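The shown structure was predicted, so the numbers you read here are calculated from the model rather than taken from an experiment. Residue numbers begin at 1 in each chain, while the letters A, B, ... track the order of the sequences.
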Number of protein chains: 2
Amino acid sequence: MLLKSRIKYIQSLAHKKSRQEAGEFAVEGPKLMEEFLHAGPSQINVIYALEPWVEANKSLLKKIPQDQVQVISEQDLERISSLQTPNQVLGLVRKPANQTAPQLIEKPVLVLDTIQDPGNLGTMIRTADWFGLEHIVCSHGCADCFNPKVVQSTMGSILRVRISYTDLEPWIRTLGQVPVFATTLEGRNLFSMKPIEAGLILIGNESRGLDPALASLATEQVTIPRKGSAESLNAAVAAGIVLAVLCGE
Amino acid sequence: MLLKSRIKYIQSLAHKKSRQEAGEFAVEGPKLMEEFLHAGPSQINVIYALEPWVEANKSLLKKIPQDQVQVISEQDLERISSLQTPNQVLGLVRKPANQTAPQLIEKPVLVLDTIQDPGNLGTMIRTADWFGLEHIVCSHGCADCFNPKVVQSTMGSILRVRISYTDLEPWIRTLGQVPVFATTLEGRNLFSMKPIEAGLILIGNESRGLDPALASLATEQVTIPRKGSAESLNAAVAAGIVLAVLCGE
């Protein structure tokens, strides 16, 4: 059985401040946990799991020291899980230090301005990974990428994509001559664009769009043309379409 | 103050069975409610709102009989709301009868096989509306489009896009010579395709993908090529990219 204090501690990791103090975050469910065991076992601090999952993953679990795996009851899993339906396993994983934003832009980099919905941020990380991007740079106003909902919706891509948090405007100004594509409502038709070799792809906040100061740094403003009546697109869908056109082919 | 029985009734509309019996569903928040007042006031059965919202929307509220607007307290709004943060107004809106699936395909139609996540379904409805689609046909295994989370994430597009529920396979077989595009993992490169005039665009379940029986009805299988390492794309993002390429230009 887990100690009350331990349960409280794990629950506290739902909050950014606690994650920062503790230097770790939670990962849930067999699929995601198995992906961490495959790709980053040294980052795993501890795994709490139901017995059947531990039995079924014996060989995979050899990748980490045995005393880092603890069998717990369904009741305890329910207490520590942040999922609506707890799913067999929860691991605590070491949070990497904040990555410096890249200074040399030799590939497309996704740049996110105040993406507040954790599901949107996680989905964007997953999409960036699909299209081969290696780096995402977030404004400090974005959701924290170690928020449990972000981690879950990346479906493991958080292991592969480097994510930095920085002040976007000064950072972009230091880069010099780099193509900067901003997604706005009155830019060039996205579908007339060719895939890019390198550059920044700026996506703005869910309701306010891109900060005008950032949009003004764009070397090209692009727009997904509307044919129907919806007022806007979901931010993660818009990012997906822009990445598909600029980085997909 | 709202009667206990009334509060219970409104809460019950979170469940599909209750919505079907009652023939109505809930719409929340100023933006969505105002969109319904603009575009479909005759569908509104009743509006429960905080006083400041009613005051601010007096002229818009003239579109419906005065006795259909009820000022309630914040406490009551909290009780009837399905949002984490209740937002000023909740309306009950008449559920349209199930729309027959179209028999004449003169435009692109989005066809959804067992899309289970309400947020994904709502986002797909919104994206379809953006790209000018008028009709979505869902399998019976899809989330109910009047689920509160679906309604909220359509951002009003549920007012404009016709949504039918049917047995997909027999329906597609009755259509005869219609182009059917299926999104699968081993089809033709989506980015080599040209926009289509008409046809069905099939999107499959979040984890299992498209039912093989449905995929076998495709006249063309298409794939969003992967350049990185993510195992899959979010279903709503994948649908967005496919719609952008096939219906966007």
Side-chain angles (χ1 to χ4, degrees), chain A residues 31-32 34-35 38-39 107-108 117 119-120 122-134 149 153-161 189-195 206-207 223-249, chain B residues 31-32 34-35 38-39 107-108 117 119-120 122-134 149 153-161 189-195 206-207 223-249:
Chain A
K31 203 160 175 181
L32 206 49
E34 287 157 30
E35 192 142 3
H38 277 296
K107 288 195 156 196
D117 181 85
N120 281 343
T123 302
M124 289 182 195
I125 296 169
R126 182 177 173 192
T127 309
D129 187 25
W130 178 273
F131 287 119
L133 277 71
E134 292 167 5
K149 282 189 193 152
S153 51
T154 68
M155 300 290 273
S157 293
I158 198 166
L159 267 159
R160 289 178 291 268
V161 180
N189 183 336
L190 175 72
F191 301 124
S192 72
M193 309 274 301
K194 296 254 169 293
E206 286 93 341
S207 42
T223 297
I224 303 169
R226 166 168 64 181
K227 293 173 81 176
S229 306
E231 203 185 278
S232 61
L233 282 166
N234 165 277
V237 169
I241 294 169
V242 172
L243 288 177
V245 172
L246 297 183
C247 315
E249 279 175 61
Chain B
K31 202 160 176 182
L32 206 49
E34 287 158 30
E35 191 142 3
H38 276 296
K107 288 195 157 194
D117 181 84
N120 280 344
T123 301
M124 289 182 194
I125 296 169
R126 182 176 172 193
T127 309
D129 187 23
W130 178 273
F131 287 119
L133 277 71
E134 292 167 5
K149 281 188 195 153
S153 52
T154 68
M155 298 290 273
S157 293
I158 198 165
L159 266 159
R160 289 178 290 269
V161 180
N189 182 338
L190 174 72
F191 301 125
S192 72
M193 308 274 300
K194 294 253 169 295
E206 285 94 343
S207 41
T223 297
I224 302 169
R226 167 169 61 180
K227 293 174 78 176
S229 307
E231 203 185 278
S232 62
L233 282 166
N234 164 279
V237 169
I241 294 170
V242 173
L243 289 177
V245 173
L246 297 183
C247 315
E249 280 175 60

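- In terms of non-hydrogen atom pairs under 4.5 Å with chain A, the most contact-rich of B:A238, B:A239, B:P225 is B:P225.
- In this structure, chain A has heavy atoms under 4.5 Å from both the backbone and the side chain of B:S229.
- Both the backbone and the side chain of A:R226 come within contact range of chain B, judged by heavy atoms closer than 4.5 Å.
- Comparing B:L190, B:V245, B:D129, B:V161 by heavy-atom pairs within less than 4.5 Å of chain A, the highest count is held by B:D129.
- With a threshold of 4.5 angstrom between heavy atoms, B:E231 approaches chain A through its backbone and through its side chain.
- For the pairing with A:W130, the side-chain contact (heavy atoms from CB on, under 4.5 Å) check across B:V237, B:I241, B:N234, B:I224 returns one residue only, B:I224.
- In this structure, A:G248 and B:K227 approach most closely via the heavy-atom pair O-CD, 3.6 Å.
- Listed options B:C247, B:S192, B:S153 were ranked by heavy-atom pairs under 4.5 angstrom with chain A; first place goes to B:C247.
- Residues A:R126 and B:A230 share a closest heavy-atom pair of O-CB, 3.6 Å.
- Chain B forms more heavy-atom pairs under 4.5 Å with one residue of A:S157, A:A244, A:G240, A:G119 than with any other, namely A:A244.
- The parts of A:T127 that come within reach of chain B are both its backbone and its side chain, each placing non-hydrogen atoms under 4.5 angstrom from that chain.
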